[in-house]
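Heads up, the thing below is written out as structure tokens.
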Number of protein chains: 2
Amino acid sequence: MFKEEGLSVELPSKGEILARLQALQNKMSERGIDFAILFQNIDIFYFTATMQKSVLLVPKNGDVVFFVKKSVNRAKEETPLDFISVKDDREIINFIKSMDLKGRVGLELDVLPAQIYLKWTKELNLSDVVDISGIIREIRMIKSEYELRQIKKSGEIVDSVFSSVKGFLKEGVTELEVASMLESIGRKNGHPGVMRMRGFNQEMDNITITQGISGTVVSYADAPILGQGFYPAVPHGASLKKIEKNIPVLIDYGACYNGYITDETRPFVIGKLESFFEKPYKVALEIIETVNEIGKEGVNTRDIFNRAYKIVERAGLEDYFMGYDEGKVSFLGHGLGLEINELPVITPRHDIFLIEGMVFAIEPKFIIPHRGVIGIEVDFIVRKDHLERVTSFPYSLTVV
Amino acid sequence: MFKEEGLSVELPSKGEILARLQALQNKMSERGIDFAILFQNIDIFYFTATMQKSVLLVPKNGDVVFFVKKSVNRAKEETPLDFISVKDDREIINFIKSMDLKGRVGLELDVLPAQIYLKWTKELNLSDVVDISGIIREIRMIKSEYELRQIKKSGEIVDSVFSSVKGFLKEGVTELEVASMLESIGRKNGHPGVMRMRGFNQEMDNITITQGISGTVVSYADAPILGQGFYPAVPHGASLKKIEKNIPVLIDYGACYNGYITDETRPFVIGKLESFFEKPYKVALEIIETVNEIGKEGVNTRDIFNRAYKIVERAGLEDYFMGYDEGKVSFLGHGLGLEINELPVITPRHDIFLIEGMVFAIEPKFIIPHRGVIGIEVDFIVRKDHLERVTSFPYSLTVV
């Protein structure tokens with residue numbers, strides 16, 4: 001039933017799912033974790049190919065036990081794994097108790113609510129609990145060729161949206177009007193409408209359109225530009241500001257295809273770019289081009305950040321790079337996958353060495369108080385000896 | 001800056017914010033909770049009128065302490081409360097330590113990630129911790145007149161969307177195409193694009209359009225109809241099914257205005273409704289009309305459910321009411337407010353007596369395997385001696 005009416009998407013093979021689970025078990029053995037109990041939808045989907053109300057028990061050796069509460073019928077159609085159909089948590093807890101597991105357990109402590117944590121650790125008498133999310137995020141950081149194909153399809157939705165901007169970006173229309181039209185185009189091209197972001201208190205717009213001061217409003221989030229929104233209740237996203245000539249408009253769009261998220265930003269201008277924005281624009285462009293040139297397997301993400309920062313310093317634009325004052329964020333890019341905030345984070349705070357199959361967005365952005373914003377965001381796939389672009393729409397300034 | 005470019009929305013007065021905090025402190029005293037530490041964005045927004053990276057400390061008596069990490073500038077513009085600007089959690093923890101608070105502490109255990117729970121209970125040496133979310137949800141359940149005005153404005157967005165359906169619902173277009181156009185209309189009319197749902201593993205579509213079997217696919221969620229979606233990675237929402245004549249199309253739309261969510265469903269049909277769907281349609285209509293007639297302050301929500309269920313039984317439609325087989329849910333309606341799953345829940349499982357200011361959706365829906373879906377969802381405000389509708393678009397079947 002599902003397949004008849006759905007998009008004809010490629011699904012992960014059983015071999016791929018088993019390899020993901022094997023990777024998890026290997027890392028669990030390395031880190032001395034005896035078993036893991038997973039609860040989060042996205043993690044469980046990654047390891048089972050189905051998103052149900054379910055719990056996944058992973059011992060460090062041997063078969064996983066996949067408990068599905070609802071929908072059992074949909075799980076049957078979707079997962080290549082065997083599973084146990086259960087009515088409620090009580091059944092799962094009793095089953096796990098009967099397995100008499102011992103040792104250190106991994107739980108997704110970054111996202112699992114305290115209530116569930118307290119209930120399950122008490123019921124199962126778990127005393128040695130560690131966070132398993134770091135390991136899961138490390139595994140998910142390296143995409144398979146299957147996943148990279150999905151990422152590239154997601155990039156096609158990004159291209160379809162940026163290619164449509166010229167038809168809608170006009171003097172006097174509001175940021176919101178442009179956003180609503182572009183979102184609609186992305187949706188028609190297959191965007192399912194969700195943007196997943198890991199963590200507490202996170203919410204993500206499908207599109208952020210900012211121009212001038214609307215882009216300079218600082219938000220609660222760890223993002224350089226989140227938009228002004230309409231009111232304090234939703235303090236992000238497009239505003240009702242009317243689009244003007246000569247001031248850059250930044251369009252930050254997040255696509256999703258088969259669960260895989262891409263996230264890029266393009267600068268547009270109606271008329272002629274005000275000279276004030278030329279320098280930061282050229283610096284952003286130079287950073288993208290430099291990263292594209294130096295990026296390949298083995299490069300340290302800290303060095304990528306530092307190289308970009310040198311370009312910023314040479315131009316004397318440090319004060320505006322990735323935000324100003326309290327709005328400054330400490331990264332230049334972030335990983336992409338089933339969630340928009342995956343590893344690697346491109347930051348000077350730590351070393352991650354690029355590995356083939358990583359996917360990340362690089363987003364040099366300048367936020368200049370009282371004036372506006374300019375920047376670019378481009379997604380890259382790490383290959384052995386180069387970076388591969390995810391989209392094809394030009395990342396240079398588009399004049400409308 | 002914000003106000004110039006934003007919608008001209010009504011913001012809660014300082015008196016209203018202080019009354020909300022007083023209500024929380026009163027309930028904390030009643031339940032023997034000495035202080036509470038709030039972390040969740042929506043809860044903090046409710047009690048402070050601003051949504052920042054922040055923590056709110058509420059003692060059972062005396063002034064609250066509001067710690068704002070980011071954005072301090074935006075908090076200054078938005079909250080009527082005094083607050084302390086802090087750099088990080090360390091500063092907040094040290095400040096709270098210096099207050100030497102004693103006794104039972106309330107935390108939002110239903111949403112607070114275990115990692116944050118473990119860190120703060122350890123750092124602050126908290127041993128007597130209870131869940132404060134139940135109390136917060138009870139307070140938020142009763143809306144002020146200010147909030148009801150926002151809810152009604154939210155309902156206007158719902159009306160704008162349902163009023164536009166006739167222009168887009170055509171034979172041969174896909175559910176997705178209709179969804180993308182209607183979403184766009186809602187956005188242009190001020191929908192900020194977010195739909196907030198409390199809890200772990202929750203995600204919410206802005207619109208769900210289903211017809212025939214696409215509506216009958218069971219999902220992981222506690223909802224009778226969630227749509228089929230395109231693929232297992234996002235197993236809900238509009239599908240690529242083409243709209244046909246004579247079969248009911250259900251359009252379930254969620255609006256947001258100034259943070260307040262409304263959520264209604266209408267049945268549409270192109271041509272003439274197949275006779276098969278007439279009985280369940282009339283039963284859904286009778287349930288809505290019965291609830292509208294009997295609802296007022298003092299009525300038990302359990303009785304509302306039971307009254308509706310009697311109508312279902314009389315028609316012999318129990319097997320399809322609110323889902324079939326594993327897809328059946330045990331409620332007929334849910335509260336609305338800053339989140340889509342607020343109290344009261346209209347269910348036979350417990351008693352909640354209606355109080356003026358409650359807002360809830362009643363959604364009698366029939367899901368008939370291999371055939372399709374039909375139903376209605378209408379939002380009501382509880383008044384002393386009647387229910388008040390939130391929207392004005394007719395809830396009866398619209399023939400296109």
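Chain letters run A, B, ... following the sequence lines, proteins first, then strands; residues in each count from 1.
At least one donor-acceptor pair under 3.5 Å links the side chain of A:Asn201 to the backbone N or O of B:Phe39. A donor-acceptor pair is defined here as one N or O able to donate and one able to accept, closer than 3.5 Å; no such pair exists between the side chain of B:Lys53 and the backbone of A:Ala221.
Interface summary for chain A: among B:Glu175, B:Gln40, B:Gln52, the most heavy-atom pairs under 4.5 angstrom belong to B:Gln40. Taking B:Asn258, B:Leu118, B:Asn206 one by one and counting their heavy-atom pairs under 4.5 Å with chain A, the maximum is reached by B:Asn258. When the candidates A:Gly199, A:Pro192, A:Gly259 are compared by the number of heavy-atom contacts under 4.5 Å with chain B, A:Pro192 comes out ahead. Contacts with chain B were tallied for A:Val129, A:Val68, A:Thr174, A:Asp222; A:Asp222 has the most, counting heavy-atom pairs under 4.5 Å. Counting heavy-atom pairs closer than 4.5 Å to chain B, the top-ranked of the candidates A:Gly237, A:Ser184, A:Cys256, A:Ala238 is A:Ser184. Your options are A:Thr50, A:Val194, A:Ile207, and the one with the most heavy-atom pairs under 4.5 Å with chain B is A:Val194.
Rounding to the nearest 0.5 Å gives a distance of 13.5 Å between CD of A:Glu10 and OH of B:Tyr231. Considering CD of B:Gln115 and OG of A:Ser133, their distance stands at 7.5 Å, rounded to 0.5 Å.
For the pair A:Glu183 and B:Arg187, the salt-bridge criterion is met [side-chain N within less than 4.0 Å of a carboxylate O]. The pair A:Glu177-B:Lys188 fails the salt-bridge criterion, with no side-chain N (NZ, NE, NH1 or NH2) lying under 4.0 Å from an Asp/Glu carboxylate O.
Put simply, the side chain of A:Met51 does not reach to within 4.5 Å of the side chain of B:Val234, judged on heavy atoms. For the pair A:Val217/B:Arg74, a side-chain contact is recorded, criterion being any heavy-atom separation below 4.5 Å from C-beta on. In this structure, B:Ser71 and A:Tyr220 have side chains that are not in contact, with every pair of non-hydrogen atoms separated by 4.5 Å or more. The side-chain heavy atoms of A:Phe230 and B:Val9, taken from C-beta on, include no pair separated by under 4.5 Å.
Contact of A:Asp131 with chain B is made through the side chain alone, with heavy-atom distances under 4.5 Å. Only the backbone of B:Lys69 comes within contact range of chain A, with at least one heavy atom under 4.5 Å from a heavy atom of that chain. Contacts of B:Glu203 with chain A are made by side-chain atoms alone, with heavy-atom separations under 4.5 Å and no backbone atom involved. Heavy atoms of A:Val72 lying under 4.5 Å from chain B belong to its backbone as well as its side chain. Neither the backbone nor the side chain of B:Leu182 comes within contact range of chain A; no heavy atoms are under 4.5 Å apart. Contact of A:Tyr260 with chain B is not made at all, since no heavy-atom distance falls under 4.5 Å. Contact of B:Asp205 with chain A is made through the side chain alone, with heavy-atom distances under 4.5 Å. Looking at B:Ala49, the atoms closer than 4.5 Å to chain A (heavy atoms on both sides) all sit in the backbone: N, CA, C or O. For A:Ile185, no part lies under 4.5 angstrom from a heavy atom of chain B. Both the backbone and the side chain of A:His236 come within contact range of chain B, each with at least one heavy atom under 4.5 Å from a heavy atom of that chain. Both the backbone and the side chain of B:Met181 come within contact range of chain A, each with at least one heavy atom under 4.5 Å from a heavy atom of that chain.
Residue-environment remark: NZ (A:Lys70) exceeds the threshold of 12 foreign heavy atoms within 6.0 Å.
Summarising the geometry of B:Arg196 relative to A:Ala233, their closest heavy-atom pair is NH1-O, 2.8 Å, with the distance given to 0.1 Å.
Within residues 107-114 of chain A, the residues having any heavy atom less than 4.5 Å from a heavy atom of chain B are, in residue-number order, A:Leu109, A:Asp110, A:Val111, A:Leu112, A:Pro113, A:Ala114.
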